[in-house]
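What follows is a short report on a single structure.
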There are 4 protein chains.
Amino acid sequence: MTTARPGRVRSEAARLAILEATTSELAERGYDKLSLDRIAAAAGVGKATIYRWYPNKGALVAEGMLSGHLLPRVAVPSSGDVRRDVTHWLIETSASLTEPTTGGLIRATIAATAEDADVARHYDDHVTSVARAELVARLESGRRDGQVDADAPLDALVEALVGVVLLNVLTRRDPDATALTATVTLLFDGAGSAGGRGGR
Amino acid sequence: MTTARPGRVRSEAARLAILEATTSELAERGYDKLSLDRIAAAAGVGKATIYRWYPNKGALVAEGMLSGHLLPRVAVPSSGDVRRDVTHWLIETSASLTEPTTGGLIRATIAATAEDADVARHYDDHVTSVARAELVARLESGRRDGQVDADAPLDALVEALVGVVLLNVLTRRDPDATALTATVTLLFDGAGSAGGRGGR
Amino acid sequence: MTTARPGRVRSEAARLAILEATTSELAERGYDKLSLDRIAAAAGVGKATIYRWYPNKGALVAEGMLSGHLLPRVAVPSSGDVRRDVTHWLIETSASLTEPTTGGLIRATIAATAEDADVARHYDDHVTSVARAELVARLESGRRDGQVDADAPLDALVEALVGVVLLNVLTRRDPDATALTATVTLLFDGAGSAGGRGGR
Amino acid sequence: MTTARPGRVRSEAARLAILEATTSELAERGYDKLSLDRIAAAAGVGKATIYRWYPNKGALVAEGMLSGHLLPRVAVPSSGDVRRDVTHWLIETSASLTEPTTGGLIRATIAATAEDADVARHYDDHVTSVARAELVARLESGRRDGQVDADAPLDALVEALVGVVLLNVLTRRDPDATALTATVTLLFDGAGSAGGRGGR
DNA sequence: CAGTAACCGAGACGGTACGTCGAGTCTTACA
DNA sequence: TGTAAGACTCGACGTACCGTCTCGGTTACTG
C-alpha cells in the first residue's frame with residue numbers, strides 16, 4: 001500500500017531545523033535578505049538538503065507558514081456580542097503583529113507574497129482563509145442571533161478587516177484601541193446618514 | 001573664458017533614464033530581483049552615477065514612486081453622489097492595479113515597503129496619503145451634503161477602502177464590480193441590524 | 001578449515017560494471033572530472049558498493065589499470081634483429097597511445113599517477129614494470145646474440161624508451177616513424193663522435 | 001597609440017597575490033585538490049577577480065608556469081666537455097625536482113598537462129622548450145668541437161633526457177648520480193655493439 | 001531449513017567547491 | 001568635476017560531487 005521507495009528516509013530532524021532557522025532568519029532580516037547559506041549553517045544542514053525539498057526561497061517560506069512556525073493565530077471569541085468579539089479579534093491581532101519579531105515575520109510574509117504568486121496562493125489557501133473562515137462563522141452565528149443583517153455581505157466585511165490589519169502592518173502603525181473600535185463600528189453601522197438602514 | 005565654472009554639468013537625461021529603467025525592471029522582475037547592474041546598463045549609465053544620487057536600492061525605488069513614474073493615480077470624481085464616486089474610484093483603482101504591468105509594479109512597491117521602513121514611510125507620506133486625502137476631501141464634501149454622517153470616522157472608512165485594494169492586489173484577485181459595490185454599500189450602510197449607533 | 005564467512009558473496013557483475021564504467025568515464029572526461037556518482041549510475045550500482053571495495057578514486061583507477069581494462073599492451077616481437085624489434089615496439093606503442101580513447105586513458109592514468117603516490121607505485125609495480133621487463137628480456141637476448149654491448153645499461157635504455165613515449169603522450173605529439181627510428185638509432189649508436197666506449 | 005580604455009586598471013597586486021597563492025596551494029595539495037575558494041581567500045581577493053582573468057583552473061596554472069613562479073630553471077653549464085655538462089644538468093635537474101615542494105609542483109604541473117590540452121601546449125611552448133633549446137644549443141656547440149657526431153639526432157637526444165626526468169618524477173624515484181651518468185653515457189656511446197653507424 | 005551475516009540498489013545526509021551574479025566602492029580617461 | 005567604463009571585495013546563489021549513512025531486500029553459508 002505504502003509506496004516504500006528504496007533509499008534512506010527523509011530526516012525529520014533536518015526538516016524541523018531548517019524551518020526553525022528560516023523563521024528566525026526571516027524575523028530578523030526579512031525576506032529578500034534571507035540567505036540559504038546562513039539558514040543551512042544555522043540549521044546544521046547541507047545546503048543541498050534544503051534545495052532537495054524546496055525549489056526556491058518562496059517554497060521554503062510557504063512551508064514555514066503552513067507548519068505554523070511562521071505566524072501566530074488569534075482565535076475569534078464567542079461572547080454573545082458580535083461587535084465585541086470582532087473588536088477583540090482585531091485588537092488582539094493588531095497587538096500581536098505589532099510585536100517586533102511577529103511584525104518582521106509578517107512583513108517578510110507580505111514581501112514573499114508580493115514577489116511570488118505561488119506563495120501568495122499558498123498563503124491565501126492555508127493561512128488567511130482559516131482566519132477568514134473563523135470570522136465568517138462568528139458573523140453567521142451573529143446573524144442567527146439577529147445581531148447581523150440578513151443581507152449583509154460578510155465576505156466584504158471580513159476582507160475589510162483583514163485589509164485594515166494588512167495596511168497597519170505595512171505602514172508600521174500601531175493603532176490604538178479607539179481607532180480599531182471605530183473601524184468595527186463603521187463596519188457595523190455604516191457611514192451613510194441618508195442610508196436605508198437609518199440615521200441616528 | 002565666459003562661464004569658467006569647472007566640471008561637467010549634471011546630466012538630467014541620466015537621472016530620467018535611470019528612473020525609467022528602474023520602473024521597467026521593477027515591473028517585469030519585481031523588487032528583490034532588481035539589479036542595479038542591469039539598470040545601469042539599460043540606462044546607459046555608470047553604476048557610480050546611480051549611487052551618487054541614491055544611497056541604496058530602497059531610496060531609488062522610493063524616488064521612482066515620488067516621481068510618479070511608478071504608479072498611476074486615479075482621481076476621485078465628484079458627481080454629487082458620494083457612494084457612486086467612491087465606488088467609481090474603487091473600481092477604477094482595482095482595474096488599474098489588475099493590469100499586468102501595473103500589478104507587477106504595485107506588488108514590487110509593496111515588497112519594497114514591507115522590507116524597508118524608510119521606503120514605507122516615504123510611500124505613505126508622498127503617495128498613498130495623497131489618494132487618502134483626496135478620498136477624505138470627497139467624503140467631507142459629502143458630509144456637507146448630508147450624505148455622510150457627521151460622526152462617521154472618515155479615516156477609518158478610507159483605510160478600509162485602501163486595505164481592501166491592498167488585499168486584492170496581494171492575493172492577485174480581480175474582483176468584479178458587484179463585489180466592490182458590496183464593499184462600498186457595507187461601508188455606508190453597515191452590517192449591524194440592531195443599529196448600535198441608532199435604532200432603525 | 002575453510003574460511004568461508006557467511007553472507008552474500010561479492011557480485012562479480014557489479015565489479016565488472018564498475019570497472020567498465022570507470023574506464024569509459026576516464027577516457028572521455030579525464031581523471032579529475034571523474035565522478036563516482038556518475039560511475040555508480042552508469043554501472044547501475046549503489047555508490048556504497050564502490051566504496052565498499054575501493055577506499056578512494058585512486059584505488060579504483062589503480063584497479064582499473066591492473067585488470068587490463070585501462071591500457072592496451074603491445075608485445076615486443078622477436079625477429080632476430082633487436083633494433084628492428086625495439087623500433088617496432090616503439091612505433092606500435094606510440095600509435096596505440098595516439099588513438100583518442102587510449103590517449104585519454106593514458107593521460108588520465110598519468111594524472112592519477114602524478115596526484116597520488118599510491119597509484120604511482122601500483123602502476124609502476126603492476127603495469128609499466130611488465131613492459132619494461134619484456135623489453136629488458138628482449139635486449140638481453142640481443143646481448144647474447146652479440147647485437148647489444150655486454151656492458152650497456154639496459155635499464156637506462158628502457159627508461160629512455162618509456163620516457164620518450166611518456167613525453168610524446170603528454171605533449172600530444174604524434175611522432176612519425178622516422179623520428180622514432182632516430183631515437184632507437186641514437187640509443188644503439190650513441191651521439192658521441194669520439195666513440196668513448198671503444199677506447200675504454 | 002595605446003588603447004587606453006576607460007575603467008579602472010587591472011590590479012597588479014591582486015594578480016601577484018593570486019599567482020603566489022596558487023603556487024603554494026599547488027605545492028601542498030596538488031592540481032585536482034586545488035580550490036579557487038581557498039586561493040581567493042589566501043590571496044585576499046574576490047573569486048570573481050580570478051575568474052575575470054582566467055577562464056578555468058588550467059589557465060591559472062598555465063599562467064603560474066609562465067611567470068616562473070611555478071618551476072625552477074637549471075642552466076646548462078658550458079665547461080668544454082659536453083658529456084660532463086649534460087650530466088651535470090641532468091643531475092641538478094633531478095635533484096631539484098626531488099625536493100618535496102618542487103616535486104609537488106612539478107607533479108601538479110604534469111597532472112594539469114595531462115588533463116588539459118591547452119595547458120600542455122602552453123607549457124610546451126613556454127617552459128620545456130626553453131630548457132630544450134638550451135640543451136640543443138649546448139650540443140650543437142659540442143658538435144662544433146667534434147664531441148658530438150655530425151649526424152646525431154640532437155632533438156631525439158634531448159627528448160630522451162627530458163623523458164627520463166619525467167619518468168623519474170612520476171615514479172617518485174630519486175636516481176643516484178651513477179644511474180644518471182649511465183644514461184648520459186648510453187646516449188653518447190650507444191648500446192649497439194656492432195655499431196650500425198660504423199664509425200667507432 | 002531457519003538464522004543470520006554480508007551483500008545489493010537506492011538515495012538522503014553534512015559538507016566543500018564550483019562558476020555566476022549582484023551590491024556597493026574605487027580608479028581610470030575623458031569631456 | 002561629473003560621467004561611462006569597468007575592476008575591485010564580498011557574499012549569496014543553485015549545482016555537482018564527496019564520502020557516509022540508512023533504508024528495504026537478496027543471497028548463501030552455518031548451525
Side-chain angles (χ1 to χ4, degrees), chain A residues 4-11 13-14 17 32-41 43-53 55-57, chain B residues 5-11 13-14 32-41 43-57, chain C residues 2-11 13-14 33-41 43-57, chain D residues 2-11 13-14 33-41 43-53 55-57:
Chain A
R5 296 176 298 93
R8 187 173 175 171
V9 89
R10 173 167 186 186
S11 158
D32 83 332
K33 297 231 169 62
L34 198 60
S35 152
L36 293 209
D37 276 298
R38 253 194 318 264
I39 291 177
V45 143
K47 235 195 315 179
T49 301
I50 302 183
Y51 281 104
R52 202 181 334 271
W53 302 106
N56 50 51
K57 257 203 264 198
Chain B
R5 200 189 81 162
R8 187 169 170 175
V9 164
R10 217 148 75 174
S11 159
D32 82 334
K33 298 228 169 65
L34 197 61
S35 151
L36 291 205
D37 279 289
R38 251 194 320 263
I39 290 176
V45 142
K47 250 198 303 182
T49 303
I50 302 183
Y51 279 102
R52 201 183 333 273
W53 293 353
Y54 311 102
N56 52 47
K57 247 206 279 201
Chain C
T2 48
T3 330
R5 298 170 294 100
R8 185 174 178 172
V9 91
R10 172 168 186 184
S11 158
K33 298 230 169 63
L34 198 61
S35 152
L36 291 206
D37 278 286
R38 252 197 315 267
I39 290 176
V45 143
K47 249 199 303 182
T49 302
I50 303 182
Y51 279 102
R52 201 183 333 273
W53 304 108
Y54 311 103
N56 50 49
K57 249 204 276 201
Chain D
T2 47
T3 323
R5 297 174 297 95
R8 185 172 175 175
V9 89
R10 173 166 187 186
S11 157
K33 298 233 168 61
L34 199 60
S35 153
L36 293 209
D37 277 296
R38 251 194 320 263
I39 290 176
V45 143
K47 240 195 313 178
T49 300
I50 302 183
Y51 281 104
R52 201 182 333 273
W53 303 107
N56 50 51
K57 254 202 267 198

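- Considering only residues two or more places apart in sequence or on other chains, D/R8 meets the salt bridge (charged side-chain N to carboxylate O under 4.0 Å, His left out) condition with none of them.
- With rounding to whole Å, B/R52 atom CZ is found 14 Å from F/dA5 atom P.
- Nucleic acid contact class of D/T49 (heavy atoms, under 4.0 Å, all strands): base.
- For B/D37, the side chain to side chain contact (heavy atoms under 4.5 Å, CB included) partners are B/S35, B/K47, not counting sequence neighbours.
- Applying the side chain to side chain contact (heavy atoms under 4.5 Å, CB included) rule to B/A14 yields the partners B/S11, B/V45; only residues at least two apart in sequence or on another chain are considered.
- Shown here are the salt bridge (charged side-chain N to carboxylate O under 4.0 Å, His left out) partners of D/R10, two or more places apart in sequence or in another chain: there are none.
- The side chain to side chain donor-acceptor pair (under 3.5 Å) test applied to B/R38 returns B/E25, not counting sequence neighbours.
- Take the nearest nucleotide of DNA chain E for A/G46 and for C/A43: the residue whose nucleotide is more 5' is C/A43.
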> For nucleotides 21-28 of chain E, read 5' to 3', which letter fits each nucleotide if B means a protein heavy atom sits under 4.0 Å from the base, S means only the sugar-phosphate is that close, and - means neither?
Replying inline: BSBBBBBB
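- Distance D/I50 CD1 to F/dC10 C1': 13 Å, rounded to the nearest Å.
- An OP1 or OP2 oxygen of F/dC8 is reached within less than 4.0 angstrom by a side-chain nitrogen or oxygen of D/W53.
- Contact detail for A/L36 and A/K57: the closest heavy-atom pair is CD2-CG, 4.3 Å.
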